[in-house]
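Notes for the one structure printed next.
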Amino acid sequence: MKERIRLELENALKKSALFFAEIPLAIEVPQNPKHGDYSTNYALLAAKQQKKNPHDVALIIVDALNKHSSNLFSKIEVVKPGFINFFIDDRMFFSEIALILYQKDGYGEGDAFLNQKILLEFVSANPTGPLHIGHGRWAVLGDNLARLLLSQGGKVETEFYVNNVGKQIEMLMASVGAAIEGQPIPENGYHGNYIKELAEKAKEEKPASLLDFVLAEMIGSQKQILSLLGVDFNRWFSEKDLHDSGAVKDAVAQLEKKEATFKEGGAVWFKSEDYGDDKNRVLIREDGVPTYFAADIAYHLDKLNRGYDSLINIWGTDHHGYVARLKAALQALGFDQNKLKIIIGQLVSLYRGEEQVRMSKRTGDMITLLEVVEEIGCDATRFFMSMTNEHTHLDFDLELAKQKSDENPVFYVQYAHARICSILRQEDLRRPASLDYAAIQFSLLSNDAEKNLIKKLCAFPDVLKEAALAYEPHRLTVYVREVATLFHNFYHQCRVISDDLETTKARLVLIEAARIVIKNVLKLLNISAPERM
RNA sequence: GGGCCCGUAGCUCAGUUGGAUAGAGCAACAGAUUUCUAAUCUGUUGGCCGGAGGUUCAAGUCCUCUCGGGCCCGCCA
């Protein structure tokens, strides 16, 4: 809808010589419905640049719009400082509702990322302990984002980078080894119960390679938990492979070739300071072993060589200091760092009532992601994790989520869907699928509850596109709650099935449209849309 | 000491990329069902948007300072 307004507006601006490419042409949905269905502040911005009176500029624009107007608007007005408010002709909304029923599952899709090859890497937790709730948050974010970009025509792949090499793996093996021998676990080792369980299992199965066995177990359980959360990766990428294939050494060699390295204290360093980092970083340690950083450069080189248009990484806040050095390395190697977008996800603080639950991997008494999902369910966990943006620390109260599960917002949305399905079941003969949309008297949908719902539904493609461009899936959650609210409101004010056949038909079409939109959003969030509750 | 993120109702969070009168859920209180699902709806109470300056037609949103909270600053990953 915004796009249609933008086109008309652009056309009018060009005709009145007021089109300036450098001024953003923003179409917004005003908070106050009195300010129209949509509005723009363009005249205010243009007036400033042209040093003219904004109100006058707005009048000129509106005049041009009226001269060349299609049937999109029922009214256009200029207000106070210089806003232009658009009132959309009801028929435009009605045809959009018909479009929803026509496009069904595909309604809302756009082309903001058409044919872009995108690699999304997220979670990538060390295989040294169970996943915690923070991982769950980032997993849900990444998974939602993948589907969101897909809905905009992107060719998206998801990947989990497995850090199966390094000192933390040695420590893991030392811990399991000690547990098998019945020895105390090393002080710096991993002390969780899962170590003992792994040791028991290893004793029973007597694997040929303990290392392979332990890693397979750890990674397997991570996969299982993520799958329970509805998150399945396209690829699990092994760090070890990069070492084995020589890709890590090759990456270092490439940096050396660019003269971006130096030797000091027996180690090979990357001159990251020259590329905007605040320190130089070690690539090859004194003992000749490459650092994690070196491997990560190789990993990102590998990604880039696979031909993606853009790489998106979701990292925990504890890795934020790592962004500068990785971008520095890619820059030194001549890659455009803008291809790499790193989203930093903040942590989740878990509470049980007043008491905060720590999430250390090293202690035995932590709450794992698995426990949270088992306690409150996949749908509720996903919904909670999808409600907020990733910049904020999230305080998540398990007791509350569990106790109040009946009043959980996810049920509110699902209930709206189930309610619609229930009505539709009663009216099999007059199901929207068998209706002739052209014959529907949409003008019968004339009260505020109906109009508000219609307008909200029609905003879906815009919401979806904007959420994708901002990489903010949580906007969908905010939106679908609004749809559910407006539907429930409509339900109480308007009876769908009545003796008035024409009104019944029109309302059936409306609720079917609402059902489709709710279902499409829930699908993007990978949350179930039950037909009965 | 330096860096990143955050601070909005009693609690948990939105806030359309700088727009018009700051929103929702929960909690509290008062109501609504002979009617398609009451897991619902309506209303009331609740705000110096941490604080102070600044930028401009316009600031919760941008800049500076400041207070408070989280995370990070390894030849660990």
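Because the structure is a prediction, the values reported are computed rather than measured. Convention: sequence-line order gives letters A, B, ...; per-chain numbering from 1.
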For B:rC41, does either OP1 or OP2 sit under 4.0 Å from a side-chain N or O belonging to A:R419? no
Given that both distances must come in under 3.5 Å, which nucleotide forms a Watson-Crick or G-U wobble pair with B:rU12? B:rA24
Name the nucleic acid region contacted by A:L44, choosing base, sugar-phosphate or nothing; use a 4.0 angstrom heavy-atom cut-off, strictly under. base
On the nucleotide B:rU37, are OP1 or OP2 found under 4.0 Å from the side-chain N or O atoms that A:R425 carries? no
Aromatic stack A:Y412/B:rG25: centroid gap under 5.5 Å, interplanar angle under 30°: no
Nearest-Å distance once atom C1' is located in both B:rG1 and B:rC63: 24 Å
Distance alone, cut at 3.5 Å: any donor-acceptor contact between the side chains of A:E159 and A:Y299? yes
If you find the nucleotide of RNA chain B closest to A:H320 and the one closest to A:E264, which residue's nucleotide is nearer the 5' end? A:H320
Mark yes or no: A:R419 above the aromatic ring of A:Y491, with NZ or CZ under 6.0 Å from the six-membered ring centre and no more than 45 degrees from the axis. yes
Which part of the nucleic acid, if any, lies within contact of A:E531, taking any heavy atom under 4.0 Å across all strands shown: a base, the sugar-phosphate backbone alone, or nothing? base
Between A:W138 and A:Q346 (side chain of the first, backbone of the second, donor and acceptor by atom type, cut-off under 3.5 Å), is there such a pair? yes
Which residue, A:V282 or A:P409, contacts RNA chain B at a nucleotide closer to its 5' end, judged by nearest heavy atom? A:P409
Is there a donor-acceptor contact under 3.5 Å from the side chain of A:Q414 to the main chain of A:S528? yes
For a quick check of understanding: with a heavy-atom distance under 4.0 Å over all strands, which category does A:N163 fall into, base, sugar-phosphate or nothing? sugar-phosphate
Indicate whether OP1 or OP2 belonging to B:rU37 is found under 4.0 Å from a side-chain N or O atom of A:S422. yes
C1' atoms of B:rA59 and B:rG53, separation to the nearest Å: 14 Å
With a 3.5 angstrom cut-off on both distances, give the Watson-Crick or G-U wobble partner of B:rG31, or none if there isn't one. B:rC41
For B:rA77, take OP1 and OP2 only and decide whether either is under 4.0 Å from a side-chain N or O of A:Y322. no
Distance-only donor-acceptor test (3.5 Å): side chain A:N85, base B:rA20: yes
Looking at A:Q426, does any N or O in its side chain come under 4.0 Å of the phosphate oxygens OP1/OP2 on B:rU37? yes
In whole Å, what separates the C1' atom of B:rA30 from that of B:rU45? 11 Å
Under 3.5 Å donor-acceptor, A:S272 side chain and A:K279 backbone: yes
Once you round it to whole Å, what is the distance between P of B:rA24 and CG of A:L476? 21 Å
OH of A:Y38 versus P of B:rG19: gap in Å, rounded? 17 Å
Exam field: side chain A:W269 to backbone A:E264, donor-acceptor pair closer than 3.5 Å: yes
To the nearest angstrom, how far is A:L501 atom CG from B:rC36 atom P? 20 Å
Considering Watson-Crick and G-U wobble pairs with both distances under 3.5 Å, what does B:rG18 pair with? none
Does any nucleotide pair with B:rC49 by Watson-Crick or G-U wobble geometry, both distances under 3.5 Å, and what is it? none
For A:E502, enumerate each residue passing the salt bridge (Lys or Arg N to Asp or Glu O under 4.0 Å) test, keeping only those at least two apart in sequence or located in another chain. A:K505
Of the options B:rA39, B:rC71, B:rA24, whose atoms approach the side-chain atoms of A:Y415 most closely? B:rA39
Taking distance alone, no hydrogens or angles, what donor-acceptor pairs closer than 3.5 Å link side-chain atoms of residues 42-55 of chain A to residues at least two apart or in another chain?
from  : atom 1 : to    : atom 2 : distance (Å)
A:Y42 : OH     : A:L18 : O      : 2.9
A:Y42 : OH     : A:F20 : N      : 3.0
A:Q49 : NE2    : A:E22 : OE2    : 2.7
A:N53 : OD1    : A:H55 : N      : 2.8

B:rC76, B:rC6, B:rU42: which one has an atom nearest the side-chain heavy atoms of A:H391? B:rC6
P atoms of B:rU44 and B:rU61, separation to the nearest Å: 29 Å
Could you state the CZ-P distance from A:F411 to B:rA38, rounded to the nearest angstrom? 17 Å
If the cut-off is 4.0 Å, is A:R281 near the phosphate of B:rG74, judged by side-chain N/O to OP1 or OP2? no
B:rC29 to B:rU35 separation - P atoms, rounded to the nearest Å: 27 Å
Which part of the nucleic acid does A:V165 contact within heavy-atom distance under 4.0 Å: base, sugar-phosphate only, or nothing? sugar-phosphate
Across all strands, who's sitting opposite B:rC4 as a Watson-Crick or G-U wobble pair, both distances under 3.5 Å? B:rG70
B:rA24 base to A:T485 side chain: any donor-acceptor pair below 3.5 Å? no
Please tell me whether A:N188 and A:K167 have a donor and an acceptor in their side chains that are separated by less than 3.5 angstrom. no
A:L45 side chain: which of B:rA77, B:rC76, B:rG19 is closest? B:rG19
Please determine if a side-chain N or O atom of A:Y491 lies less than 4.0 Å away from the OP1 or OP2 oxygen of B:rA32. no
Could you tell me the Watson-Crick or G-U partner of B:rC62, where both distances fall under 3.5 Å? Say none if there is no partner. B:rG54
Whether the side chain of A:Y190 engages the backbone of A:A174 through a donor-acceptor N/O pair (distance < 3.5 Å, no angle test) should be reported. no
Please give the distance between the C1' atoms of B:rC26 and B:rG46 as a whole number of Å. 13 Å
Once each nucleotide of nucleotides 9-18 of chain B is scored for protein heavy atoms under 4.0 Å, what B/S/- sequence comes out, 5' to 3'? ---SSSSBB-
In whole angstrom, give the distance that lies between atom CG of A:L326 and atom C1' of B:rA77. 14 Å
Using Watson-Crick or G-U wobble geometry with both distances under 3.5 Å, which nucleotide pairs with B:rC36? none
Tell me if the aromatic rings of A:F384 and A:F396 count as close, with their centers under 6.0 Å from one another. yes
Given atom CZ of A:R495 and atom C1' of B:rU37, what is their separation to the nearest angstrom? 12 Å
A:L486 CG to B:rG23 C1', in whole Å, measures 14 Å
Does B:rA77 have a Watson-Crick or wobble partner in any strand here, with both distances under 3.5 angstrom, and which is it? none
Scan A:G316 against the nucleic acid and name what it touches under 4.0 Å (heavy atoms): base, sugar-phosphate only, or nothing. nothing
Have a look at B:rU61 and give me syn or anti from its glycosidic angle (syn if within 90° of zero). anti
Contact under 4.0 Å: A:K279 side-chain N or O vs B:rG2 OP1/OP2: no
Could you work out the separation of B:rG23 and B:rC36 based on their C1' atoms and round it to a whole Å? 31 Å
Quote, to the nearest angstrom, the P distance that separates B:rG68 from B:rG50. 16 Å
For the pair made of CD1 in A:I511 and C1' in B:rC36, what is the distance, rounded to whole Å? 8 Å
Would A:N144 and A:H474 count as having a side-chain donor-acceptor pair, cut-off 3.5 Å? no
Ignoring backbone atoms, test whether A:Y292 places a side-chain nitrogen or oxygen under 4.0 Å from the OP1 or OP2 oxygen of B:rA77. no
